[in-house]
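So that the names make sense, note that chain A is the first sequence line, chain B the second, and so on, each numbered from 1.
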Amino acid sequence: MSLESFFSRPAVAVARDLIGALLSVEKVGGIIVETEAYEPDDPASHSYRGQTSRNRAMFGQPGRAYVYRSYGMHWCLNFVCLPGSAVLIRALEPTHGLDRMAVRRGTTQPRLLCSGPGRLTQALGVDGSMDGLRLDEPPFVLTLASSIHPVATGPRIGITRAVEYPWRFGLVGSPYLSCRFPDVGMTA
DNA sequence: GACTCGATTTCCT
DNA sequence: GGAAATCGAGTCG
C-alpha cells in the first residue's frame, strides 16, 4: 500500500493503524506507540473553522507533515490524512539514534526522550521548517507496521473541546506512553 | 492594532 | 498539585 492511499482515509482509522509503525527523522526515531485523531468536523481540531495560514498543510495532500508551534515553545508533529484531518504523533518507543535524542533532550532516561508530543519533536529535531513535507522522502522515513498490535483507546489529552471523543490510541502495555489509558475501551 | 489562549513541559512548594 | 515559560495565530474591535 502506498503512503498516499494509506493516508487517504479518516484520521481515526489512520491513527489506529499507525500504532507500531517505525518513524525516523535523519536516522533518529522509533516505534509509534501513541497517536490522536483530529477530524474536520471536530471542535478540537485546528481545521474546524476552515483553512488558515497555520493549518494550511492540513488541507493539502495526504501523507504530508503538519507541524505547528504549541504554547509558544514546543513543536507538534502531525500526519495529514483526508483534507482537514490529521493524526498527532504523541509518543515513540525510541529505537534509533538514542545518543542524539539524549543530547537534544538533556536526559538519558529513555522514558523522557519521546513520551509526549513536544518531547518527541525535540528529540527528533522536528521544527516548523518541515511543515508540509512528504513523509516518504528525506528527512522522514516511515515504515508501516507489518502486523496487528493490541491498541488501547481513550479520550484525547490537553484539549478543552470535544473531550469525550475517544480518539487517542496507544500500544497496549507500552512503557513509553505519555500517560496511562483508562482500562476501558481496549480492543485487539 | 491589542488581546487571549493553547493538541505542553518543567520546576517549585 | 500548581504555576511559569513564551509567542504567534486567531479573534475582535
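If you check residues 38-47 of chain A against DNA chain B, the residues with a heavy atom closer than 4.0 Å are A/Tyr38, A/Ala44, A/His46, listed by number.
Between A/Trp167 atom CH2 and B/dA7 atom C1' the separation is 14 Å, expressed in whole Å. One can place NE2 of A/His74 at 9 Å from P of B/dT8, the figure rounded to the nearest angstrom. Distance A/Arg111 CZ to B/dT9 P: 12 Å, rounded to the nearest Å. The nearest whole Å value for the distance from the CD atom in A/Gln109 to the P atom in B/dT9 is 15 Å. Distance A/Leu113 CG to B/dT9 C1': 14 Å, rounded to the nearest Å. When rounded to the nearest whole Å, the span between CG of A/Leu88 and P of B/dG6 equals 16 Å. Between A/Arg49 atom CZ and B/dC5 atom C1' there is a gap of 13 Å when expressed in whole angstrom units.
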List the atom pairs, donor and acceptor, that lie under 3.5 Å between side-chain atoms in residues 69-76 of chain A and the rest of the protein, sequence neighbours left out.
none

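In this structure a side-chain-to-backbone donor-acceptor pair under 3.5 Å is missing from A/Glu93 to A/Ser174. Although no hydrogens or angles enter the test, the distance criterion places a donor-acceptor pair under 3.5 Å between the side chain of A/Ser115 and the main chain of A/Tyr176. For A/Asp42 (side chain) and A/Tyr48 (main-chain N/O), no donor-acceptor pair under 3.5 Å exists by modelled atom type. In this structure, the side chain of A/Asp131 does not engage the main chain of A/Gly128 through any donor-acceptor pair within 3.5 Å. A/Glu39 contributes no side-chain N or O that, together with a main-chain N or O of A/Pro10, makes up a donor-acceptor pair within less than 3.5 Å.
If you walk DNA chain C from 5' to 3' and mark each nucleotide with an atom closer than 4.0 Å to a heavy atom of chain A, the marks span C/dA5 to C/dT11.
Looking at heavy atoms from C-beta onward, A/Val163 lies out of side-chain contact with A/Pro155 at the 4.5 angstrom threshold. The closest side-chain heavy-atom distance from A/Val14 to A/Phe169 is not below 4.5 Å. With a 4.5 Å cut-off on side-chain heavy atoms, A/Leu23 and A/Leu77 count as touching. Looking only at side-chain heavy atoms (C-beta outward), A/Phe6 and A/Asp136 stay at 4.5 Å or farther from each other.
For DNA chain C, if you chain together Watson-Crick or G-U pairs that step i with j, i+1 with j-1 and so on, the runs of at least three with distances under 3.5 Å are B:1-6 with C:7-12, B:8-12 with C:1-5.
Partners of A/Tyr68 under the ring-ring contact (aromatic ring centres under 6.0 Å, His included) rule, at least two apart in sequence or in another chain, are A/His46, A/Tyr66.
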Please write out each protein N/O paired with an N/O of nucleotides 10-13 of chain B under 3.5 Å, distance rounded to 0.1 Å.
| residue | atom | partner | partner atom | Å |
| --- | --- | --- | --- | --- |
| B/dT10 | OP1 | A/Arg105 | NH1 | 3.0 |
| B/dT10 | OP1 | A/Arg105 | NH2 | 2.9 |
| B/dT10 | OP2 | A/Arg119 | NE | 3.0 |
| B/dT10 | OP2 | A/Arg119 | NH2 | 2.9 |

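A salt bridge (Lys or Arg N to Asp or Glu O under 4.0 Å) with A/Glu36 is found for one member of A/Arg90, A/Arg156, A/Arg16 and no other, namely A/Arg90.
Using a 4.0 Å heavy-atom distance criterion, A/Arg156 is classed as making no nucleic acid contact.
Contact between the side-chain N/O atoms of A/Arg69 and the OP1/OP2 oxygens of B/dA7 is not found at any separation under 4.0 Å.
Between C/dA3 and B/dC5, the distance separating the two C1' atoms is 16 Å to the nearest Å.
The hydrophobic cluster containing A/Leu113 also contains A/Leu92, counting ILVMFWY residues as joined when their side-chain heavy atoms lie under 4.5 angstrom apart, directly or transitively.
Between the side chains of A/Arg105 and A/Gln122, at least one donor-acceptor pair of N or O atoms lies under 3.5 Å.
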